[in-house]
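Written out below as structure tokens is the structure these notes cover.
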Protein chains: 2
Amino acid sequence: MPSLKDVARLAGVSTSTVSRAINGTIPVSEETRLRVEKAVRDMGYKPNLVAQSLRIKSTRLLGLVVPEMQHETFISFIRFTEEAAEAKGYNLIIGSTNSDPDREERFIENLIRRNIDGIIFSRVSDKSHVLKILDRTKIPVVIIDRTLEREDIPSVVMDNYESGKLVAEHLLSLGHRAFACITGPLDIAINRDRLAGFRDTVLAGGGTLEDKCIYEGNFKFESGKKGIAYLLDTGARFTALWAQNDYMAVGVLNLLSDRGIAVPGEISVAGLDNIQQSWMMRPSLTTVAQPFREMCTHAVDIIIDRAGREDDNREKIRVMLKPELIVRETTARPPEGSFAAERKEVERK
Amino acid sequence: MPSLKDVARLAGVSTSTVSRAINGTIPVSEETRLRVEKAVRDMGYKPNLVAQSLRIKSTRLLGLVVPEMQHETFISFIRFTEEAAEAKGYNLIIGSTNSDPDREERFIENLIRRNIDGIIFSRVSDKSHVLKILDRTKIPVVIIDRTLEREDIPSVVMDNYESGKLVAEHLLSLGHRAFACITGPLDIAINRDRLAGFRDTVLAGGGTLEDKCIYEGNFKFESGKKGIAYLLDTGARFTALWAQNDYMAVGVLNLLSDRGIAVPGEISVAGLDNIQQSWMMRPSLTTVAQPFREMCTHAVDIIIDRAGREDDNREKIRVMLKPELIVRETTARPPEGSFAAERKEVERK
DNA sequence: ATCATTTGTGCAATCGATTGCAAGAAAAAG
DNA sequence: CTTTTTCTTGCAATCGATTGCACAAATGAT
């Protein structure tokens with residue numbers, strides 16, 4: 001790989017001049033510019049980014065922290081963040097923490113030592129001490145898919161309240177009045193928001209969402225199965241159910257299929273996330289799509305914007321984007337007769 | 001962030017001594033070592049990796065090139081490569097090319113300019129001119145999930161022939177004799193290998209795999225639907241079908257469900273890859289699991305090994321790992337009566 | 001006590017870029 | 001024809017590490 005020095009020698013000028021001719025920072029005479037450009041072309045010279053980074057303190061590298069790579073959500077973050085970063089001429093270093101605080105800390109520390117230009121976190125808890133590490137440096141940070149209590153850290157999220165509202169409106173309009181919900185962990189704000197949007201809308205529309213019709217899951221497939229089994233076995237009365245993510249919804253459908261309960265014939269089911277399975281499976285899943293691409297693009301924009309400026313005035317940035325309802329086959333008019341949970345009990349006797 | 005100089009000042013020695021005390025390259029007196037270590041601890045000093053990279057020419061960064069991030073296969077590559085890299089103290093820069101040669105070239109060039117220690121390709125074609133770019137530098141390269149004709153480029157693949165064999169053996173043992181196959185693109189060696197393993201074993205076991213029972217797909221969901229529809233509509237006679245990846249298998253199941261053909265009652269179906277859906281769906285999919293974790297670990301090991309040494313003797317490295325058959329619900333004994341394709345035709349009249 | 005060897009440390013160059021400062025050449029002003 | 005201003009260009013320092021070489025002190029050999 002040729003270096004600046006090589007180009008300078010070939011063009012018969014100093015390295016300073018070559019640098020300036022390339023970057024156009026300070027005017028260079030027409031004649032030498034052409035000579036330099038020719039030399040650059042002839043040697044196939046490309047500035048070395050490591051050296052450049054050392055000097056100008058910008059690496060054009062972003063870091064992305066994900067807790068894992070099994071959930072399609074995080075895959076989407078990786079995918080769209082990489083896309084947005086590449087569009088801006090940045091590269092992306094990814095690290096999955098596997099919910100291991102040590103790994104997370106190691107990764108963040110590496111990023112700092114690499115003079116990274118910014119870090120995007122997907123999912124961090126309010127108590128993560130990693131944020132303290134970051135406070136010591138001036139590295140711009142943004143959080144996607146979560147909001148933190150600390151308001152000086154920018155975040156980009158979907159309007160979670162709205163997502164619950166969309167689902168409720170859809171199901172109400174189909175004629176449902178008795179609802180159930182399998183939520184994500186309720187110690188996390190966005191999940192409470194989802195539930196609030198759902199409940200408020202259900203109640204405002206004349207429906208019911210009894211406490212015994214709510215099950216707190218953990219976003220995993222198995223948790224959906226467990227949740228619906230629990231609801232059915234405790235005789236919860238509902239004709240429509242919302243699982244706060246698609247993996248749990250798939251689990252629900254799975255168990256309902258095992259128990260011979262028809263979807264959407266007896267129970268309508270909706271999810272959230274619009275994972276691949278939601279449209280590949282039969283029946284295809286009614287769900288809410290998160291605007292992942294926009295979220296990631298915004299996150300990258302925020303980071304790059306901050307990285308550029310020296311001023312440290314952290315205004316409070318909270319971007320909130322609209323979800324979109326996608327109606328498919330698992331939701332329909334409610335059945336005429338009794339509730340599935342009760343019918344099953346009767347049959348069992 | 002404190003620098004070496006700061007530590008040196010605090011410890012009252014030169015930067016050279018600090019560097020040597022930290023890296024242990026040249027012995028330092030016990031006394032100064034302790035003083036330096038204390039200074040390092042007190043200041044929370046961590047060597048800057050950019051500066052270090054510039055000097056020692058190793059960045060402890062690996063690049064991973066994937067064509068896209070929709071297929072779960074590539075997600076697995078990202079996941080396991082990151083895992084293996086992290087275990088060795090390396091970070092990973094990922095780039096998806098979206099099958100756009102320009103993007104691919106831009107990405108590779110960036111990696112080169114970043115003095116990356118090695119690049120892992122998943123899926124490249126024999127004609128990719130990117131390999132030529134890489135020939136100009138000495139950056140170690142390894143290819144996963146493909147083999148190239150050029151034997152000087154190391155590759156790590158599953159034993160694809162074996163995967164076809166495993167599926168065929170399983171289906172034969174269930175009693176099937178008439179087989180069909182939906183393949184991946186047959187201009188790619190590994191797909192021909194899969195087919196060969198399947199065909200050889202079927203024939204050796206007294207089964208048939210007629211030419212009209214083979215459909216060349218493109219590894220996507222829709223292609224599975226199209227393939228099975230084509231086979232059924234052209235009256236292909238078979239009781240067991242192997243789709244060379246799970247997405248296509250899911251497409252197959254989808255269409256069979258639409259047409260009311262029972263799986264595994266009338267047709268047994270197997271896939272390959274063991275994607276999440278394969279175990280979440282109902283009926284769950286019999287499939288072959290690729291040893292992705294091992295593949296990625298090997299790839300990283302090969303790269304790091306090469307990166308260390310100066311000698312350029314590219315011995316021919318081709319690692320081949322064993323697949324594993326996972327039997328689930330979509331495969332069973334063949335039906336007694338006629339073939340599904342024929343029965344449907346009769347019914348239609 | 002003298003010379004050879006080992007051990008520990010610092011100076012200064014280096015990796016490959018960018019940039020403040022100064023100097024020479026050219027152009028404009030007096 | 002000076003003097004001032006403007007344009008170009010190069011020198012050398014810098015970013016933060018590593019490392020060859022030299023030198024001084026300590027150790028060992030004679």
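Throughout, protein chains are lettered first and strands after them, A, B, ... in sequence-line order, and every chain is numbered starting at 1. In this text, all values refer to a predicted model and were calculated from it rather than measured experimentally. Worth knowing before you read on, the calculation uses all heavy atoms, side chains too, and leaves out hydrogens, waters and symmetry mates.
Separating the CG atom of A:L34 from the P atom of D:dT9 is a distance of 11 Å, rounded to the nearest angstrom. One can place CG of A:L4 at 14 Å from P of D:dC11, the figure rounded to the nearest angstrom. For B:I26 and C:dG10, the CD1 to P distance is 13 Å, given to the nearest whole Å. Atom CG of A:L49 and atom P of C:dA17 are 9 Å apart (whole Å). The interatomic distance linking A:R9 (CZ) with C:dG16 (P) rounds to 12 Å, in whole Å. Separating the CD atom of B:E30 from the P atom of C:dT7 is a distance of 15 Å, rounded to the nearest angstrom. We find that CZ of B:R55 is positioned 13 Å from P of C:dA13, with the value rounded to whole Å.
Here the nucleotide nearest the side chain of A:L54, chosen from C:dT18, C:dT9, D:dG16, is D:dG16. Which of C:dG8, C:dT18, D:dT18 sits closest to the side chain of A:I56 comes down to C:dT18. For B:P27, the side-chain atoms get nearest to C:dG8 when compared with the rest of C:dT9, D:dT18, C:dG8. Here the side chain of A:N48 is nearest to one of D:dG16, C:dA17, D:dT18, namely C:dA17. Closest to the B:P47 side chain, of the nucleotides D:dA17, D:dT9, C:dT19, is D:dA17.
For the pair A:E109/A:I133, no side-chain contact is recorded, criterion being any heavy-atom separation below 4.5 Å from C-beta on. Within the 4.5 Å cutoff, the side chain of A:I93 has no heavy atoms near those of the A:L64 side chain. Side-chain contact between A:I304 and A:Y90 is present, with at least one heavy-atom pair separated by less than 4.5 Å. Contact check for A:V130 versus A:V124: no side-chain heavy atoms found under the 4.5 Å cut-off.
Distances shorter than 4.0 Å separate none of the side-chain N or O atoms of A:K57 from OP1 or OP2 on D:dT14. In this structure, A:Q52 reaches the C:dT18 phosphate: one of its side-chain N or O atoms is under 4.0 Å from OP1 or OP2. Remark: A:S53 is not in phosphate contact with C:dA17, judged by side-chain N or O atoms under 4.0 Å from OP1 or OP2.
For the pair B:E86 and A:R106, the salt-bridge criterion is met [side-chain N within less than 4.0 Å of a carboxylate O]. Using a cutoff of 4.0 Å between basic side-chain nitrogens and carboxylate oxygens, B:E83 and B:R293 are scored as salt-bridged. Remark: B:D42 engages B:K38 in a salt bridge, criterion side-chain N to carboxylate O under 4.0 Å. B:E104 and B:R123 are not joined by a salt bridge, as no carboxylate oxygen comes within less than 4.0 angstrom of a charged side-chain nitrogen. Ion pair A:R150/A:D135 flagged as a salt bridge, since at least one NZ, NE, NH1 or NH2 atom sits closer than 4.0 Å to an Asp/Glu carboxylate oxygen.
A heavy atom lying under 4.0 Å from DNA chain C marks the following residues of residues 10-25 of chain B, by number: B:V13, B:S14, B:S16, B:T17, B:R20.
Heavy-atom distances to DNA chain C give each of A:V50 and B:T32 a nearest nucleotide, and the one nearer the 5′ end belongs to B:T32. Between A:K5 and B:E31, the residue anchored nearer the 5' end of DNA chain C, judged by the nucleotide with its closest heavy atom, is B:E31.
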Pairing annotation in dot-bracket form, given for DNA chain C with Watson-Crick or G-U pairs under 3.5 Å and | for cross-strand partners | ||||||||||||||||||||||||||||||
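Side chain of B:H298 to main chain of B:M320: no donor-acceptor pair is present (N/O by atom type, distance under 3.5 Å, no hydrogens or angles).
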